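Beneath this line is the structure, given in structure tokens, with notes to follow.
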Amino acid sequence: MARAAKVKSNGRGGFDQTFNALDKVLRNEAGQTTELDYTEQSSWMLFLKYLDDLERQREDEAELKGEAWSPIIDDEHRWGAWAAPKTASGAFDHDRALTGDDLIAYVTDELWPYLQGFKRRASGSDTIEYKIGEVFAEIRPKFLSGYSLREALELIDGLSFGSQNQKHELSSLYEDKIKRMGNAGRNGGEYYTPRPLIRAMIKVVDPKIGERVYDGACGSAGFLCEAYDYMRPQAATTADRETLQKRTFVGKEKKSLAYVIAIMNMILHGIDTPNVLHANTLAQNVMDLQERDRFDVVLANPPFGGGERAEVQQNFPIRSGETAYLFLQHFMRSLRAGGRAAVVIKNTFLSNTDQAATALRKELLETCDLHTVLDMPGGTFQGAGVKTVVLFFEKGRPTQRTWFYQLNPGRNLGKTNALNDADMAEFVEMQATFEPGPKSWVIETADVDRETWDLSVKNPNAPEAAELRSPEAILDEIAALDAESARVLERVRALL
């Protein structure tokens, strides 16, 4: 029987070794073919191991308080009963551990139906039981070899979620997996937004304890996780921490794999019962939104393109096949009066002349204060051939003027030269006072054309491009350089 290598997993190095070993197992498994598969299959095993550690922690806490304790997962299906049975001394019991076809049959025919049943048995959608049922209703075990699955389970069992530091290290590694998945192809790319950009957006919007934060296209929940990390130091009391955990973050995600990854990502960041809904945000008519449906802060990078169907477009006053335009309308109407948003969108939105883009820019300027536009350089989103801008706006008052900032990190961004926090520092600092500079400028709304509502990114402070030389001048310079090279070679020969 194949047995997992013993990997010491205390600290980032040990966790890193475990994740690398797990990826190797998954790559060698016939049922796994892409980074998306690796992340999906890692996620359900990590989720069950996390639940087991959480149950042990809560059992210990109840015992110390002298309180009764009832486990979420029953004894027969707990991690220690099938995934990682132990001997009396605490060592892994290979004699009792299922493997091969027996393990595959147990997971497929017994474990999965039991876990899916939690959705039906849960007392409400905001419970961990409901999330268990949803997660295991959305994904399937893809292992074909019970020996590969056994090896993977033993590796996962070596991980510990006991402390906040351990959760932090594991969340960092999980983010790495999401990033690799995002770079693996177009579908995965929808799930990953560069974290330095997200952190800069959050600093500008500055969410506070007591405010509700929303992402209706949450993907892997990067915005919600980073917002939680940003807000956590503000939680000075037990009530604050409970507010952060249970009443602050709301996400929606349409795609099954992204939904599962979002749940796991938020859990690893410290949110025990993530309020992420598996739903198509655009299926809701925006004119039906009530005050209870609105939020204080919106942070999002909605998907673009998509070609939404006619029945979906009917949910919006400005109809368009462009998914991002529909999401922008949803976000504008999901904000409370005084609510703040930061939304990534293609830079062509600012200048497109089609009726939908023009009408949407008009509505944005008339109903919201579009106070900042951040123009991102090409290569910000790996694998995406489009340029983007970030729209920062506040709901409830019309735009008087808009501060533009054109980010220029001084290098070409790419897979081996990604955006970093230092690249964003000047923007965050200057945005606080809308400071003018060579990369920033202001457009007065009164000067915007009322027919086109064009907001094109045209930096008036940028140096004018040098005049293009004529072909004759270029050829003359080449000839001169060739002649100089010939003279140098002649002098070298004379010295030989």
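Bear in mind the structure is a predicted one, so any value in this text is a computation, not a measurement.
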Partner set under side-chain hydrogen bond (donor to acceptor under 3.5 Å, both in side chains) for D421, not counting sequence neighbours: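 side-chain hydrogen bond (donor to acceptor under 3.5 Å, both in side chains) check on D421 returns R199.
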
Distance in Å, [X] [atom1] paired with [Y] [atom2], rounded so as to fall on 0.5 Å steps:
{"X": "R309", "Y": "Q314", "atom1": "CZ", "atom2": "CD", "answer": "11.0 Å"}
{"X": "F427", "Y": "L374", "atom1": "CZ", "atom2": "CG", "answer": "4.5 Å"}
{"X": "D454", "Y": "D449", "atom1": "CG", "atom2": "CG", "answer": "7.5 Å"}
{"X": "L328", "Y": "L391", "atom1": "CG", "atom2": "CG", "answer": "6.5 Å"}
{"X": "F223", "Y": "I202", "atom1": "CZ", "atom2": "CD1", "answer": "7.5 Å"}

Determine, using ring centers only, whether [Y] and [X] are less than 6.0 Å apart.
{"X": "Y325", "Y": "F349", "answer": "yes"}
{"X": "Y214", "Y": "H330", "answer": "yes"}
{"X": "H278", "Y": "Y259", "answer": "yes"}

Residue of the set R397, Q400, R401 for which side chain to side chain donor-acceptor pair (under 3.5 Å) holds with D369: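 Only one option passes, and that is R397.
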
Derivation of the salt bridge (charged side-chain N to carboxylate O under 4.0 Å, His left out) call for R333 and E363: CA-CA 11 Å; R333 287 168 174 78; E363 181 176 337; 2.6 Å; yes

Does a side-chain heavy-atom distance below 4.5 Å link [X] with [Y]?
{"X": "L244", "Y": "Y228", "result": "yes"}
{"X": "T358", "Y": "R361", "result": "yes"}
{"X": "V442", "Y": "P436", "result": "no"}
{"X": "K254", "Y": "T281", "result": "no"}
{"X": "N265", "Y": "Y174", "result": "yes"}
{"X": "N412", "Y": "N417", "result": "no"}
{"X": "L26", "Y": "D37", "result": "no"}
{"X": "E253", "Y": "C218", "result": "yes"}

Expected output: side-chain [X] to main-chain [Y] donor-acceptor under 3.5 Å:
{"X": "T399", "Y": "C368", "value": "yes"}
{"X": "D375", "Y": "V389", "value": "no"}
{"X": "N461", "Y": "S440", "value": "yes"}
{"X": "S456", "Y": "K458", "value": "no"}
{"X": "E426", "Y": "M424", "value": "no"}
{"X": "D423", "Y": "N420", "value": "yes"}

Residue list, side-chain contact (heavy atoms from CB on, under 4.5 Å) with R212, at least two apart or on another chain: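 Result, side-chain contact (heavy atoms from CB on, under 4.5 Å) vs R212: V250, F295, D296, R336.
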
R140/E40 ion pair, N-O < 4.0 Å: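 Looking at R140 and E40, the cut-off is not met.
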
E211 and K208 ion-paired at < 4.0 Å: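 Result for this pair is no, no salt bridge flagged.
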
Between N301 and T193, a side-chain donor and acceptor under 3.5 Å: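 A pair is found: one side chain offers a donor N or O, the other an acceptor, under 3.5 Å apart.
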
Matching residue for S43 among V260, I267, I263 - test: side-chain contact (heavy atoms from CB on, under 4.5 Å):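 One option only clears the test, and that one is V260.
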
Ring geometry between H371 and F392 (parallel below 30°, tilted from 30 to 60°, perpendicular above 60°):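 Plane angle between 30° and 60°, so tilted.
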
Derivation of the salt bridge (charged side-chain N to carboxylate O under 4.0 Å, His left out) call for E394 and R340: CA-CA 4 Å; E394 184 174 328; R340 310 176 306 284; over 6 Å; no

